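What's counted below: heavy atoms across the whole structure, side chains too, no hydrogens, waters or symmetry copies. Please read all numbers here as calculations on a predicted model, not as lab measurements. Counting starts at 1 for both ligands and their atoms, in listed order. Positions are given from 1 along the sequence.
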Amino acid sequence: MKRLHSYLLKTCLLFMSLLSISTNALAQSAAETIYDEARIPAYQLPDPLRFNDATPVKSVADWTRRRTELLRLFAENVYGKTPDQKLPKPRVEVTSVEKLALGGKATRKEVTVWLSPQHPMRVLMYLPNSAGSKPAPVFLGLNFYGNQATNADPGITMATSWVPEQAANSMSSHRAAEASRGLDAHQWDVNAMLSRGYGLVTVYCGDLDPDFHDGYKNGIQPLFYKSGQTKPDSSEWGTVGAWAYGLSRAMDYLETDPAVDARQVALFGHSRMGKAALWAGAQDLRFAIVISNESGEGGAALARRRIGERIVHLNSRFPHWFCDKFKTFNEREDALPVDQHELLALIAPRPLYVASAEDDKWSDPKGEFMGAQAASPVYALFGLKGLTTTAFPAVNQPVGGGHIAYHIRTGKHDVTPYDWARYLDFADTHFKKK
Ligand code: GCU
């Protein structure tokens, strides 16, 4: 009897372990990465120009209401809601000014916006000295590793918040290392910006919320908790939402700085920072141009194509980026009430640039192009030309002479001088520079 019992128990355990292996295998195969267009199931994109109740959006006035609906859908299902309540007005402190930075071409200015006594957001600016006393147009973007990583300039104050291993002193310290100065400089072509009369403004994303999942303890989210709340609710913001919030707070500062033309701020973001830039640009109409550099899934790429990275990959590798509810759409792209072309449409009528890289298949370049295309009817509603090109362009052949531009360049997932040259041309066109 005892032996029979143990035999049954063993069989049962074996069966259970087989079951768990097969469910894991199933989960893995379902989350498999698809690169073959032929394997995309038929899908229908939601129509940005139809209200939730299916009535058509016929005018710019209608769009204003539809915009509110779409913002809510993205907030509740994807990025999480940005808190309505305002923090006390942050104290702003200019911590350094160097008028002869970068060989005399720029004025380097560092400003700390104290979101709370524990959350200093450090804004690094390079403004073109060629502008004289004229306010300069600028590019604003979040960086990955700390402001010191965006340029080898030894005068930049080191990040004080947690930084990723690549920029840290040691694997365990997560404190910015001297050696991280200029780590990412190749992605910030500040010389090109300055020589064409633009400034650069950048903020380290980790000042808003360090990029790892700690249950939002070290980010700005707790500053907004209701009493007794210990984590964001399922439809409240995650890390990308906090990053986007920081971009708007940087904009608040720029509006007060006479050296900056706050009506000419082009918001830029690469990859995960591109997702944040698009979400910030969608919510905050003060950004005059929005640029998505290889923002991929959760950015400019259509989720329903399921090519390259998918929602399930995003949510399993970066569980902190989006709201919890977004996880309910893992492998259920069709159930999502929005798709990313509608996020791009929320930039309208402002100029939008979407860019991809040929070897960055994970971001689904064609899905990014199609996202920009499918946002275009909203620009047309404003009487503006969106991305009317129908064929996917050849590499290094930028398209779109109107309010939406697109390019796919040769090379890998990165930001290169080629990309910046295109963004500068685009900004010149729309900021009507002579
Ligand atoms: C990962 C992630 C992408 C993201 C990218 C980046 O590859 O899967 O969604 O865009 O990192 O930020 O570099």
Measure the distance from atom 7 (O) of ligand 1 to every protein heavy atom, then report the residue, atom name and distance (to 0.1 Å) of the closest one. W362 NE1, 3.1 Å
For R175, does the CZ atom sit with more than 12 other heavy atoms under 6.0 Å from it, leaving out its own atoms? yes
Does K275 have a non-hydrogen atom less than 4.0 Å from ligand 1? yes
Does R422 count as lying over the ring of F426, i.e. NZ or CZ under 6.0 Å from the six-ring centre, within 45 degrees of the axis? no
Which ligand 1 atoms does L314 reach within 4.0 Å, using its non-hydrogen atoms? 9 (O)
Residues D211 and Y145: side-chain donor-acceptor under 3.5 angstrom: no
Part of E309 with heavy atoms under 4.0 Å of ligand 1, whether side chain, backbone, both or neither: side chain
Do Y418 and H407 have ring centres separated by under 6.0 Å? yes
I want to know if ligand 1 touches S271 in the polar sense, i.e. an N/O pair below 3.5 angstrom. yes
Protein contact to atom 11 (O) of ligand 1 [nearest heavy atom, distance to 0.1 Å]: R272 NH2, 2.9 Å
Tell me whether Q85 at atom CD has more than 12 heavy atoms from other residues, nucleotides or ligands lying less than 6.0 Å away. yes
Side chain, backbone, both or neither: which part of R317 has a heavy atom under 4.0 Å from ligand 1? side chain
Between E294 and S356: side-chain donor-acceptor atoms closer than 3.5 Å: no
With heavy atoms and a 4.0 Å threshold, my read on which part of H413 contacts ligand 1 is side chain
If we count only N and O atoms by modelled type, under 3.5 Å, do the side chains of T416 and D419 hold a donor and an acceptor together? yes
Starting from atom 2 (C) of ligand 1, find the nearest protein heavy-atom neighbour and note its residue, name and distance. F318 CE1, 3.4 Å
